[in-house]
Structure formats: C-alpha cells, structure tokens
Amino acid sequence: MQLERDFFARSVHEVAPALVGATLLVDGIGGRIVEVEAYDQEDPASHGFAGRTARNASMFGPPGHAYVYRSYGIHWCLNLVCDVEGRAEAVLVRALEPRAGLELMRQRRGVDADRALCSGPGKLCQALAVTREHDGLALDEPPFELYATGEPVDVVAAPRIGITRAAERPWRYLLRGSRYVSRPAPRA
DNA sequence: ACCGCGATGCACT
DNA sequence: GTGCATCGCGGTG
C-alpha cells in the first residue's frame, strides 16, 4: 500500500518509528527501511533549529516531500519531511535492507557485500543515486515509491549517531535484529 | 575490537 | 576560518 502524503502531516515523533519496515524505492532501486532518526524544530542538532535558509527550505514543508543535503562535503543524506503547523521536522533515512536493484547498487557503491550497500545515510544515497536533484520532490510521485509495512514490526529506540548536540535523545529507531543497520543498537 | 585521520562542500547555532 | 545528521582505510590491541 502506497503511503500518502498526509501520512507525513503529523509529528515526526509519530512518523519516524512508523516508517521502520516501510519500503523505499528511487527509480525502482531500494528496499526496506531498517533505521531512521527524528529531527524536530526545537532540536539543537536539527538543521531547522536556527530557522529557514535556502539550504534547509524544503525541511519547512510541505510534508511528504524529500529534504536532501550534502554532508561533510562528500555524502548526500535523504530526509522525509513531516510537518506540524509550519514547524521544520524530518526523518533522516539511515539504512535500508537492500531488496531491489542490488546489482546496480553494487556498481554505484563499488562494494559487493549486501550489508555494505545501504548501511548508512551517505551509503544509501549513493546506492539509490539520491542527490540535490531530489531535494523538494514529492514522495508519492516518481522517482520515489514508498510502501507501508506488510507485517507487524518490532522497533527499537536508541540515541542518535554522529551528532554533538542533544546526543542523548533516543530518537533513532531500528528494526530489531536487522543486520543491515549502520551500527547495532546499544545493549539494553 | 577499538581509534585516528583524510577526503571534500558549504553554511555559519 | 571552523565545524559538521559521514565513510573507509590503516594503525593498534
């Protein structure tokens, strides 16, 4: 079942865990989402925290669109924009379990192991060929496809990765037991 | 298993 | 000029 745009028209703290297990494709290439992080307007680690700029404009809505930015000058990172009354909220897609287009992913990534194809936000953008051209595009139109989970999903919450501010907030959500995440969840 | 570092773009909290 | 919502490599236990 295709996720509609209004799936995203609510708090990122509801949307982020609900996205674990969904299927994300870009031009038919992709897989099952196994790891995401939530970023909200009051979050010092969020690009939206300091207000709207040209770079982060698509993070301010409308919901159901992509926010793509360059990270560390090298990688691209893909966010799915949520929205509560004009606030900047988005889900960073951090890892996929590859399911469609594995051979093309291997070519784009230059590695063979399935586990190395989409196990990180920069990696999955390279595997799915997501770039600035995708910034602001609607998620329910080509080249994007987004499908709801078919089965019940066991989601684990953990602290976010790679940030220096508000690093303690447990807003990273993982599919329990998945070997395709960027890093395993801390031991409980 | 850990840790350090270089690559590289671009907005500055 | 500095600091990242990163990655992969090469060093050391």
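Below, chain A is the first sequence line, B the second, and so on; all start at residue 1.
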Would you check if there is a donor-acceptor pair between the side chains of A:Arg109 and A:Gln126 at a distance under 3.5 Å?
yes
Would you please say whether a donor-acceptor pair under 3.5 Å links the side chains of A:Glu35 and A:Ser182?
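Yes.
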Where do N or O atoms of nucleotides 1-5 of chain C meet protein N or O atoms at under 3.5 Å, pair by pair?
| unit_1 | atom_1 | unit_2 | atom_2 | d |
| --- | --- | --- | --- | --- |
| C:dC4 | OP1 | A:Thr164 | OG1 | 3.0 |
| C:dA5 | O4' | A:Tyr39 | OH | 3.3 |
| C:dA5 | N7 | A:Ala45 | O | 3.0 |
| C:dA5 | N7 | A:His47 | NE2 | 3.3 |
| C:dA5 | N6 | A:His47 | N | 3.4 |
| C:dA5 | N1 | A:Asn79 | OD1 | 2.6 |
| C:dA5 | N3 | A:Tyr69 | OH | 2.9 |

A:Arg108 side-chain N/O to A:Ala127 backbone N/O, donor-acceptor pair under 3.5 Å:
yes
Other residues, nucleotides and ligands only: do more than 12 of their heavy atoms fall within 6.0 Å of CZ on A:Arg115?
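No - once you tally the heavy atoms of other residues, nucleotides and ligands closer than 6.0 Å, there are 12 at most.
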When you match A:Arg52 and A:Arg70 each to their closest nucleotide on DNA chain B, which lands nearer the 5' end?
A:Arg70
Each nucleotide of nucleotides 1-6 of chain B classed B (base within 4.0 Å of a protein heavy atom), S (only sugar-phosphate) or -, in 5' to 3' order, makes ------
Residue matched to C:dA5 through Watson-Crick or wobble contacts both under 3.5 angstrom
none
Kindly give the atom pairs (protein nitrogen or oxygen, nucleotide nitrogen or oxygen) under 3.5 Å for nucleotides 8-11 of chain C.
| unit_1 | atom_1 | unit_2 | atom_2 | d |
| --- | --- | --- | --- | --- |
| C:dG8 | OP1 | A:Arg109 | NH1 | 3.1 |
| C:dG8 | OP1 | A:Arg109 | NH2 | 2.6 |
| C:dG8 | OP2 | A:Lys123 | NZ | 3.0 |

Given atom CH2 of A:Trp76 and atom P of C:dC7, what is their separation to the nearest angstrom?
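Interatomic distance, CH2 of A:Trp76 to P of C:dC7: 15 Å.
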Phosphate OP1/OP2 of B:dC10: any A:Arg132 side-chain N/O under 4.0 Å:
yes
How far, in whole Å, is C:dA5 from B:dT13 if one measures between their C1' atoms?
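After rounding to an integer number of Å, I get 14 Å for this pair.
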Does a side-chain N-to-carboxylate-O contact under 4.0 Å join A:Arg5 and A:Glu141?
yes
